[in-house]
Amino acid sequence: MSTRGAMAAEIGALLDGTGLLQVRVSAGAGRDAVAACGDRLAVRVTAPAEGGRANAAVIRLIARALGCPKSALELVRGAAARDKVFRVRDQPPAGRRT
């Protein structure tokens, strides 16, 4: 399994039954990183926590790790907090459009 596939599987295991994902964010970090940490996802981004830049970077990183479009992620709670909740929406299989 590829590294991206392994990370997608780890993130998938953290989703609750309704597609919600608990995320702990560290903005202004030295480098971008995504890791499973207990029952939540730990995301470090270099973007500062101002003007929504860190939230945009978090969405980009999670989408890349999952191998899905950014539009598949919705910030449900915690826009201005370190602890955030995202909803991962189901996407049609690759190659099929609905």
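As the structure is a computational prediction, the values presented were derived from the model and not from experiment.
The two atoms that bring Ala29 and Arg44 nearest to each other are CB-CB, 3.8 Å, heavy atoms only. For the pair Phe86 and Val76, the tightest heavy-atom approach, listed with the atom from each and the gap, is C-CG2, 4.2 Å. Arg60 and Asp32 get closest at one heavy-atom pair: NH2-OD2, 3.8 Å. Nearest approach of Cys37 to Ala42, heavy atoms of both residues: CB-CB, 4.1 Å. Heavy-atom minimum distance, Ala27 versus Ala47: CB-O, 3.5 Å. Across all non-hydrogen atoms, the minimal contact from Ile11 to Ala65 is CD1-CB, 3.7 Å.
Between the CG atom in Asn55 and the CD atom in Glu50 there is a gap of 12.0 Å [rounded to 0.5 Å]. For the atom pair OG of Ser71 and CZ of Arg89, the computed distance is 7.0 Å after rounding to the nearest 0.5 Å. The structure places CG of Leu73 at 6.5 Å from CG of Leu66, a figure rounded to the nearest 0.5 Å. Interatomic distance, CZ of Arg77 versus CG of Leu75, reported as 10.0 Å (0.5 Å rounding).
At a threshold of 4.5 Å between non-hydrogen side-chain atoms, the residues Leu15 and Leu20 do not count as touching. Looking only at side-chain heavy atoms (C-beta outward), Leu21 and Val23 come within less than 4.5 Å of each other.
In this structure a side-chain-to-backbone donor-acceptor pair under 3.5 Å is missing from Arg87 to Gly19. Judged by distance alone, the side chain of Lys84 and the main-chain N or O of Arg24 form no donor-acceptor pair under 3.5 Å.
Note: the hydrophobic cluster containing Val85 does not contain Val43 (ILVMFWY, side chain heavy atoms under 4.5 Å, direct or indirect links).
Under a 4.0 Å N-O distance rule, the pair Arg40/Asp83 qualifies as a salt bridge.
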